[in-house]
Number of protein chains: 4
Amino acid sequence: MENMRKKIIGVIGGHSCTKEMEQNTIKLGKKLSKVVDILVCGGLSGTMRAVCQGFKAGNGLTIGIIPSYNKNDANEYVDIVIPTGIGLARNVLVVKSADMVVALPGEAGTLSEIAYCLQFDIPVISVDSWDIPGVIKAKNVEDAVIKVEALLKRSNL
Amino acid sequence: MENMRKKIIGVIGGHSCTKEMEQNTIKLGKKLSKVVDILVCGGLSGTMRAVCQGFKAGNGLTIGIIPSYNKNDANEYVDIVIPTGIGLARNVLVVKSADMVVALPGEAGTLSEIAYCLQFDIPVISVDSWDIPGVIKAKNVEDAVIKVEALLKRSNL
Amino acid sequence: MENMRKKIIGVIGGHSCTKEMEQNTIKLGKKLSKVVDILVCGGLSGTMRAVCQGFKAGNGLTIGIIPSYNKNDANEYVDIVIPTGIGLARNVLVVKSADMVVALPGEAGTLSEIAYCLQFDIPVISVDSWDIPGVIKAKNVEDAVIKVEALLKRSNL
Amino acid sequence: MENMRKKIIGVIGGHSCTKEMEQNTIKLGKKLSKVVDILVCGGLSGTMRAVCQGFKAGNGLTIGIIPSYNKNDANEYVDIVIPTGIGLARNVLVVKSADMVVALPGEAGTLSEIAYCLQFDIPVISVDSWDIPGVIKAKNVEDAVIKVEALLKRSNL
């Protein structure tokens, strides 16, 4: 059954980003929307907002799993908001809802999410994010999308 | 922003149901899919499975917020699985993700979800479910859908 | 192993209470401290504060499992604060940490906790709280403590 | 009020450990019990069990915040079990319940807990654990306890 469901890509990263990083992340979102139907992320600002913007521009469906009970805390590019109210514990849900994850630069919150990917054995592709053993390094956004495509072809995902 | 998002209907109820209740719940799901685009539920068996079956038959999008980490625990009519791993605490998320809720017969789990609806001030329409002050009673499935439609027209929802 | 641990009594009830209810709840706390060593509750104001006050007056140990990350949200009679940050989902933890529960008057939050008691098969003794099938009714605070003592003597608890 | 409560030390680390690490961790527990009254940890096996063993040998009070609903999953040196049922999301609670944390060698779970320490700005002292910027490195168990004592003297903790 599970294999019949549409694949979900997770994207994690910081709450804030430079203008250049923002453009790069929008591009990542657009490119990801060409290879997978659904995006899940933490639903807030910074890289989360940028990747949703790009993914929606490519007509993908975006899910934001947010820490608070307030759906208005989600950025405007989130289609479906899950207002968990469980605070930072929602990081587990963001990661576990995804079939694979792309990690962008971020602080400790992003690190906790990478740790959960490793613990759950969910493939995590890093573009200039934390350098932790077990993470798949990508040179840039384009390389990350190529690696996502390769993972999608793995029958056992 | 929030008001621009598609409305989400929540349906709660027991893990098991009679053949008659199942048919009735499939019918509820179909009828709900005519008036709202997205369904959220606990994602498991019984009334949760039946309402997803009906809602998907009506081409709606179904979300299952399940207690375990195992996406395969979700019923086959769930499009998007959120494998929370937070056990019964996921009941809060099911209810809070919805704009309004229809409650079907169920045990203590359903009662906890009705309680959360009341606490969050989320309208909850009961069809033969727990009789708790504050719950909106519907005579049957058809009446419940009429009440959902009326709530959808409320500007402040 | 488990049976060697000290028993834990849970007390649930509303955020606010009248002066009379407060005195009654302090009395409950004192009496409970004579028959069980550890109290767990939601850690906030109203009945939660009053029962902690009484239990500490009887030299019991009090645990407050609070919804926020801020330990200062706990009342001053809580010895050990668990700042969950998981919001109302913490209700599950309050109930599940206890071997048995006394329910005092409260709103929907208390109802959700009673529902979780029933779902987990944790004995719940009601003193003027929600009248739900499966709840053990006590006439007053003294009667509730007698019922707690009787439960503590059950070998299979 | 908060400053009047007894301080709580958190210890995090792997589910399994060598015989040597076990002895070292028991020693850590004993030494910590001389400087702080309450220990919180994940409550399971390996380093969690060893540190509880040592802390209890020094007459400290041990709290185990476990992922499951089953109190019997806690090791036999845990005095108070919080059976969260929220899976790995309980890592947040372990860390947030502590005033400061000692990190021992561990896998991705330990890394997620270190990340949460950094995010919450809770001091985290590493003894041969993950080398992440912001972590306070200790040479060995004795050095870690010295650093804990120094932190306890900080008025703003």
Side-chain angles (χ1 to χ4, degrees), chain B residues 10 12-16 40 42 44-48 65-69 82-98 100-101 103-126 128-136, chain C residues 10 12-16 40 42 44-48 65-69 82-98 100-101 103-126 128-136:
Chain B
I12 59 179
H15 287 250
S16 59
V40 67
L44 302 180
S45 58
T47 55
M48 294 173 267
I65 301 183
I66 64 172
S68 75
Y69 285 133
I82 309 291
T84 66
I86 63 168
L88 300 182
R90 75 82 154 80
N91 291 3
V92 183
L93 281 65
V94 171
V95 156
K96 198 70 186 75
S97 297
M100 76 214 82
V101 168
L104 300 171
E107 310 280 332
T110 304
L111 178 58
S112 76
E113 290 171 319
I114 290 173
Y116 283 124
C117 286
L118 297 173
Q119 198 160 6
F120 287 126
D121 212 18
I122 295 170
V124 51
I125 298 159
S126 165
D128 299 324
S129 192
W130 291 84
D131 185 11
I132 303 291
V135 169
I136 303 162
Chain C
I12 58 178
H15 287 250
S16 60
V40 68
L44 302 179
S45 59
T47 56
M48 294 174 268
I65 302 182
I66 64 172
S68 75
Y69 285 134
I82 309 291
T84 66
I86 63 169
L88 300 182
R90 75 82 153 80
N91 292 2
V92 183
L93 280 65
V94 171
V95 156
K96 197 70 186 77
S97 297
M100 77 214 82
V101 168
L104 299 171
E107 309 280 330
T110 303
L111 178 59
S112 76
E113 291 171 319
I114 290 174
Y116 283 125
C117 286
L118 298 173
Q119 196 160 6
F120 286 127
D121 212 18
I122 295 171
V124 53
I125 298 158
S126 166
D128 298 325
S129 190
W130 291 84
D131 186 11
I132 302 291
V135 169
I136 303 162

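Letters A, B, ... are given to chains in the order of the sequence lines, protein chains preceding strands, and every chain is numbered from 1. No hydrogens, no waters, no symmetry mates; every other heavy atom, side chains included, goes into these values.
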Does any heavy atom of chain B fall under 4.5 Å from the side chain of C:E107, the backbone, both, or neither of them?
->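 When you check distances to chain B, no heavy atom of C:E107 falls under 4.5 Å.
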
Go through the atoms of C:I114 and report whether side chain, backbone, both or neither lie under 4.5 Å from a heavy atom of chain B.
->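 Looking at C:I114, nothing touches chain B.
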
Heavy-atom contacts under 4.5 Å, residues 83-90 of chain B to chain C =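 Within residues 83-90 of chain B, the residues that come under 4.5 Å of chain C (heavy atoms only) are B:L88, B:A89.
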
Can you give the donor-acceptor pairs under 3.5 Å from side chains of residues 91-98 of chain C to other protein atoms, not counting sequence neighbours?
unit_1, atom_1, unit_2, atom_2, d
C:N91, ND2, C:S112, OG, 2.9
C:K96, NZ, D:Y69, O, 3.2
C:S97, OG, C:L93, O, 2.7

Would you name the heavy atoms of C:Q119 and B:A108 that are closest together and state the gap between them?
->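 Smallest heavy-atom distance, with atoms named: N-CB, 3.8 Å.
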
